[in-house]
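Read through the structure below, which is laid out as structure tokens, and then see the notes.
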There are 2 protein chains.
Amino acid sequence: MSRLNELRLIARVAQMYHLEGRRQSDIAQHLRISQATVSRMLKKAQQEEIVRTTIVAPPGTYTDLESKLRERYGLSEAIVVECSEDRDGAIMARIGEAAAHFLEATLQSDEIIGVSSWSETILKMVQNIDPGKASKAKYIVQTLGGMGDPAVQTHATQLITRLARLTGAEPRLLAAQGVAQSREAKLVMLSDPYVRETMDLFPKITLAILGIGGIEPSSMLARSGNVFSSNELRDVTDAGGVGEFSLCFFDTEGRTVKTPLSDRVIGVSREELGQVERVVALAGGQSKANAIRGALCTGVIDLLITDKFTAARLTGAENSIVGEVEDEAV
Amino acid sequence: MSRLNELRLIARVAQMYHLEGRRQSDIAQHLRISQATVSRMLKKAQQEEIVRTTIVAPPGTYTDLESKLRERYGLSEAIVVECSEDRDGAIMARIGEAAAHFLEATLQSDEIIGVSSWSETILKMVQNIDPGKASKAKYIVQTLGGMGDPAVQTHATQLITRLARLTGAEPRLLAAQGVAQSREAKLVMLSDPYVRETMDLFPKITLAILGIGGIEPSSMLARSGNVFSSNELRDVTDAGGVGEFSLCFFDTEGRTVKTPLSDRVIGVSREELGQVERVVALAGGQSKANAIRGALCTGVIDLLITDKFTAARLTGAENSIVGEVEDEAV
DNA sequence: CTTATTAAAGAATATATATTCAGGAACAGG
DNA sequence: CCTGTTCCTGAATATATATTCTTTAATAAG
């Protein structure tokens with residue numbers, strides 16, 4: 001019976017503290033007990049579930065999917081964005097916005113940011129950065145050489161340069177092909193002092209921003225400006241490759257898939273990425289689910305920004321998200 | 001759109017703080033923002049009602065009735081106890097228990113406690129005090145002389161003495177009649193050095209514990225050991241008197257009701273009670289509702305301990321309490 | 001193109017809260 | 001009737017949190 005009286009007092013203390021917003025010392029004085037006791041009572045109130053705290057996720061946020069992603073793939077953070085339709089265009093736009101906000105909010109001074117230049121999602125991110133909202137970064141480092149068509153290279157250069165301007169950082173471009181014609185050609189390029197200088201920054205990158213690519217010959221070949229032959233791609237898929245970031249290929253379990261191609265890539269290595277403090281991946285869309293899953297299994301990625309549809313596929317919660325869900329195979 | 005991204009971040013911060021129990025600085029480090037920002041985000045989360053805190057009153061407690069009592073009568077605190085049946089015996093027992101716990105929990109060292117000796121509810125309180133749980137008080141002061149029958153006087157003395165022992169205090173008895181035969185008889189008693197000594201403590205009382213009495217001739221006369229005549233009581237009721245504490249009579253609005261009787265009472269005055277830091281009243285039961293209402297209106301009482309039925313009557317919430325409610329006139 | 005004004009953020013700091021510590025009492029087992 | 005043990009306090013203190021202050025930059029008005 002006196003337990004009830006004790007709980008009543010605790011409930012009253014909790015009421016004064018949480019609902020009336022009074023200070024503990026004020027409550028203590030009011031009830032002629034010590035502040036320490038009030039603090040202990042409040043702790044007990046939590047334990048006894050006399051106070052219950054609920055987080056109401058704002059509509060359009062997917063706290064649960066984010067939690068599942070974090071737990072399942074050991075991510076440091078996950079951001080799942082609302083997206084009305086499961087179309088790549090819309091998805092990339094939403095992810096880009098979220099990534100831009102994330103960058104604005106959490107960018108620290110003097111960071112060295114590595115960017116794998118030619119992902120469309122990253123482009124969307126850059127387009128959405130509010131100039132001045134992001135604090136000063138030090139360098140924006142291009143972590144992968146350009147691809148084929150000089151026009152595309154220009155885009156990459158512009159993306160890096162623009163991001164550098166937005167963050168007040170110095171751009172460090174990688175004036176080289178992403179994929180050299182041969183191992184020898186790669187060595188030649190590496191001997192270029194400018195290339196070297198940029199690549200020497202790779203181990204100093206504090207924040208890497210990656211796109212994740214799938215390996216469907218069609219898009220891959222197109223994107224790469226026909227640097228790869230169909231045969232080379234088949235080598236990758238034959239070895240189990242399901243996707244890549246910065247042209248580091250991996251299989252479903254996230255294991256590195258090494259092919260002759262690997263030796264020709266000029267860009268940041270998986271090992272170097274593993275050393276980076278924060279690796280952020282931006283990716284979403286039906287076709288990429290498998291690639292993303294593999295990427296997450298590499299353990300390289302700290303933070304994933306994706307859309308709700310992809311998040312649902314990745315967590316096996318296809319049927320639990322609000323709104324229409326397609327039962328696309330994963 | 002970026003507002004959503006901001007809210008998402010806030011929700012995540014709230015989640016980490018409230019659900020995962022992480023420190024703000026930890027969260028700040030995790031998200032690469034300053035602790036100050038986390039603090040601000042958490043405040044915003046409250047404002048935006050992303051975090052909702054609820055106090056779940058333990059079953060058997062009546063937070064709502066307590067709030068209403070506090071608000072309606074300007075009480076510092078109110079305690080409403082559970083009580084299965086609306087019977088005076090059960091009610092007094094429950095109130096006594098609650099009062100005992102209250103005293104144990106909130107008694108400070110070196111307090112001077114005034115007790116109006118002959119209320120049965122107070123007796124129940126004393127019976128329920130856990131020896132040693134209450135900290136040391138200084139004096140237990142009897143604030144009203146004994147009533148009629150010497151046997152009853154003995155009870156009063158025992159109550160005071162016992163409470164004194166339980167709290168490690170020194171008992172200060174009022175060796176006098178509660179109601180003198182005449183004004184002259186009162187003056188005689190007041191000249192007694194022991195009586196004087198105790199009464200000199202009245203202004204120094206830091207905590208007064210009162211019972212509240214109604215004025216039905218039957219019980220009142222019985223209780224008083226026929227000190228009052230029916231006529232005297234009629235004087236009181238004719239003047240609008242509805243109740244008393246420490247034989248200070250008042251009407252429905254809490255105004256003092258002064259009759260010739262008043263000059264014969266030997267006990268603490270209403271004015272002296274008004275000066276006391278904490279005045280606790282213990283009272284409940286159908287028959288006393290009106291008296292309690294008047295008592296609360298005097299403004300003398302800081303804290304009321306009562307039962308749920310009485311509380312409901314006092315707040316006009318007869319129909320809103322859980323369980324059976326009698327529609328007794330108030 | 002200036003010059004207020006506002007907003008937002010982190011560093012420094014003030015304030016509030018949690019925890020450690022020491023003391024006292026109850027209890028159990030010698 | 002003693003211990004040793006546990007539990008419970010409040011005082012002192014360590015720690016965490018809120019706020020102030022200052023800087024920076026954006027926006028609006030002149």
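Each chain gets a letter, A, B and so on, in the order the sequences are listed, and its residues count up from 1.
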Expressed as a whole number of angstroms, how long is the span from B:L166:CG to C:dA25:C1'? 15 Å

Starting at NZ of B:K44 and ending at P of D:dA18, how long is that distance when rounded to a whole Å? 16 Å

Scanning both residues in full, the closest heavy-atom pair of A:D302 with A:V276 reads OD2-O, 4.2 Å

What does the B/S/- profile of nucleotides 7-14 of chain C look like, 5' to 3', with a 4.0 Å heavy-atom cutoff to protein? --BBB---

Could you pull out the closest heavy-atom pair between B:A14 and B:V51, with the gap in Å? CB-CG1, 3.5 Å

Smallest heavy-atom separation, A:L69 atom then A:A78 atom, equals CB-CB, 3.9 Å

Tell me whether the side-chain N/O atoms of A:Y17 come closer than 4.0 Å to OP1 or OP2 in C:dT17. yes

To the nearest Å, give me how far apart CG (B:L107) and C1' (D:dT9) are. 13 Å

With salt bridge (charged side-chain N to carboxylate O under 4.0 Å, His left out) as the rule and sequence neighbours excluded, what pairs involving residues 160-172 of chain B come up? B:E170-B:R172, B:R172-B:E197

Respond yes when some side-chain nitrogen or oxygen of B:K43 is under 4.0 Å from OP1 or OP2 of D:dT17, and no when none is. no

Between the side chains of B:E71 and B:K68, is the shortest nitrogen-to-carboxylate-oxygen separation below 4.0 Å, so that they form an ion pair? no

Atom CG of B:L42 and atom P of D:dA16 are separated, to the nearest Å, by 15 Å

Check the distance between C:dA16's C1' and A:R22's CZ and give it to me in whole angstrom. 16 Å

Distance check needed: D:dG10 C1' versus A:I27 CD1, whole Å only. 17 Å

Starting at CG of A:D26 and ending at P of C:dT15, how long is that distance when rounded to a whole Å? 16 Å

D:dA16 P sits how many Å from A:R23 CZ, rounded? 18 Å

Could you report the tightest heavy-atom contact between A:L174 and A:Q142, atom names first, then the distance? N-OE1, 3.1 Å

